[in-house]
Peer 1: 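Before anything else, here's the structure in question.
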Amino acid sequence: MTDEQPKTDDAAPATGSAPAADEAGTAAGATATRVQRWTRHAPWIAALIAVTVITTDQLSKVWAEDSLTRGERTPLVGDALGIQLTYNPGAAFSIGSGATWIFTILTAVGVVAAAWYAWRVRSRVWAVCLGLVLGGATTHLLDRLLREPSFGQGHVVDFIAYFDWFIGNVADIAIFFGAVMFFLLTVIGRAMYPEPTAKETAAAETSTA
């Protein structure tokens, strides 16, 4: 007489692992959806940030011209950071001081390009990036067009001194962080125009109906 061994269900553990894998995939998909959230309000986010940068930059320049003496440096953090009023006819580090009109044209082209992308963007994080660049470039263009010595040849007001390297302004800070964001978003592959979900598409169609 042969003893029968009780049968064991070797596949049982797999039953529990399948839902876990499904949950992991669902969580990953949800994370990706959150990261690439589509929004039709993105252009207005970019516009709001750009206006904020322009307003802050121009008001800070008014303060600098009213409160600071040209060429006189006031340290804030030792030699690392200070305030010193100067007027820059060229680009960063006073490059191209004798070709102001060229920088005026290049800045105008940059403003148009940034505005075009900002109008089409549908990603919040890209909207922030483009808003910073658009605001910084626009306020620089205003300086070139409206400040002395003449239209299109205006000198940019700079007053934030970094060591003995560079004197900039609020617009430069906005452009710098916008450029850093642009680089990082491009490297990680973040889409400027993510595909909307069915729910987002329906909501957009309803709002425009």
Peer 1: What distance do L141 atom CG and T107 atom OG1 have between them, rounded to the nearest 0.5 Å?
Peer 2: 6.0 Å

Peer 1: Counting C-beta onward and ignoring hydrogens, is there a side-chain heavy-atom pair between F166 and D158 closer than 4.5 Å?
Peer 2: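 The answer is no, as the side chains (C-beta and beyond) never meet within the 4.5 Å cut-off.
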
Peer 1: Which of these passes side chain to side chain contact (heavy atoms under 4.5 Å, CB included) with V157: N88, L85, N169?
Peer 2: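 For V157, the side chain to side chain contact (heavy atoms under 4.5 Å, CB included) check succeeds only for L85.
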
Peer 1: Looking only at non-hydrogen atoms, find the nearest pair between I160 and L81 and report the distance.
Peer 2: CG2-CD1, 3.8 Å

Peer 1: Ignoring hydrogens, what is the shortest heavy-atom contact between A137 and I175? Give both atom names and the distance.
Peer 2: N-CD1, 3.8 Å

Peer 1: Are H155 and P149 close enough that some pair of their side-chain heavy atoms sits under 4.5 Å apart?
Peer 2: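 Side chain of H155 against side chain of P149, heavy atoms only: contact under 4.5 Å found.
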
Peer 1: Using a strict threshold of under 4.0 Å (side-chain N to carboxylate O), is an ion pair present between K61 and D143?
Peer 2: yes

Peer 1: Is V187 linked to V125 within one hydrophobic cluster, defined over Ile, Leu, Val, Met, Phe, Trp and Tyr using a side-chain heavy-atom separation of less than 4.5 Å?
Peer 2: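 Yes; tracing contacts between hydrophobic side chains, which count when under 4.5 Å, links both residues.
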
Peer 1: Side chains of P89 and F103: closer than 4.5 Å at any heavy-atom pair?
Peer 2: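 The answer is no, as the side chains (C-beta and beyond) never meet within the 4.5 Å cut-off.
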
Peer 1: Would you please say whether a donor-acceptor pair under 3.5 Å links the side chains of Q84 and T74?
Peer 2: no

Peer 1: Using the side-chain contact (heavy atoms from CB on, under 4.5 Å) rule, take I45 and R124 through it: C-alpha gap first, then chi angles, then the decisive distance, then the call.
Peer 2: CA-CA 7 Å; I45 296 173; R124 286 185 177 88; 4.0 Å; yes

Peer 1: According to a hydrophobic-cluster definition based on side-chain heavy atoms being under 4.5 Å apart (Ile, Leu, Val, Met, Phe, Trp, Tyr only), do V156 and V62 belong together?
Peer 2: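 No, because V156 and V62 fall into different hydrophobic clusters, even though each may have its own neighbours under 4.5 Å.
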
Peer 1: Name the residue from V180, L184, T186, L185 that meets the side chain to side chain contact (heavy atoms under 4.5 Å, CB included) definition with F182.
Peer 2: T186

Peer 1: Is it the case that one hydrophobic cluster holds both Y117 and V128, taking links as side-chain heavy atoms less than 4.5 Å apart, direct or via other members?
Peer 2: yes

Peer 1: Check for me whether the distance between the ring centres of Y193 and W126 falls short of 6.0 Å.
Peer 2: no

Peer 1: Any side-chain heavy-atom pair from S123 and M192 closer than 4.5 angstrom?
Peer 2: no

Peer 1: Using every non-hydrogen atom in the two residues, find where A174 and V53 come nearest and quote the distance to one decimal.
Peer 2: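 Taking A174 first and V53 second, the nearest heavy atoms are CB-CG1, 3.7 Å.
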
Peer 1: Any ring-ring contact (aromatic ring centres under 6.0 Å, His included) pairs touching residues 65-86, not counting sequence neighbours?
Peer 2: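 Pairs touching residues 65-86 that pass the test: none.
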
Peer 1: Work out which heavy atom in P43 is nearest to a heavy atom in V121; give both atom names and the distance.
Peer 2: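 Heavy-atom minimum between the residues: CD-O, 3.4 Å.
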
Peer 1: If you measure from CD1 on I83 to OG on S60, what distance do you get to the nearest 0.5 Å?
Peer 2: 11.5 Å

Peer 1: In this structure, would Y162 and Y87 fall into the same cluster of hydrophobic residues linked by side-chain contacts under 4.5 Å?
Peer 2: yes

Peer 1: Verify the neighbour count for atom CH2 of W119: are there more than 12 heavy atoms of other residues, nucleotides or ligands below 6.0 Å?
Peer 2: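 Open: at most 12 neighbouring heavy atoms sit under 6.0 Å from CH2 of W119.
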
Peer 1: State, to 0.1 Å, how close Q58 and T139 come at their nearest heavy-atom pair, and which atoms those are.
Peer 2: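 Closest approach of Q58 to T139, heavy atoms only: NE2-OG1, 2.6 Å.
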
Peer 1: Apply side-chain contact (heavy atoms from CB on, under 4.5 Å) to residues F177 and C129 and explain how you reach the verdict.
Peer 2: CA-CA 8 Å; F177 282 105; C129 169; over 6 Å; no

Peer 1: Examine L134 and I105 and state if one hydrophobic cluster contains both, with Ile, Leu, Val, Met, Phe, Trp and Tyr joined whenever side-chain heavy atoms are less than 4.5 Å apart.
Peer 2: no

Peer 1: Can you see whether D57 engages H140 through a side-chain donor-acceptor pair at a distance of less than 3.5 angstrom?
Peer 2: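 There is no such pair (donor and acceptor under 3.5 Å, judged by atom type) between the side chains of D57 and H140.
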
Peer 1: More than 12 heavy atoms of other residues, nucleotides or ligands under 6.0 Å from CG of D164: yes or no?
Peer 2: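 For D164, atom CG is not crowded (no more than 12 foreign heavy atoms under 6.0 Å).
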
Peer 1: Quick one: does R70's side chain have a donor or acceptor within less than 3.5 Å of a partner on L68's backbone?
Peer 2: no

Peer 1: What heavy-atom pair brings A42 and A127 nearest, and what distance separates the two atoms?
Peer 2: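 Heavy atoms of A42 and A127 come nearest at O-CB, 3.3 Å.
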
Peer 1: Who are the ring-ring contact (aromatic ring centres under 6.0 Å, His included) partners of F151, not counting sequence neighbours?
Peer 2: none

Peer 1: Nearest 0.5 Å, what's the CD-CG distance between Q153 and L145?
Peer 2: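 The CG atom of L145 is 11.0 Å from CD of Q153, to the nearest 0.5 Å.
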
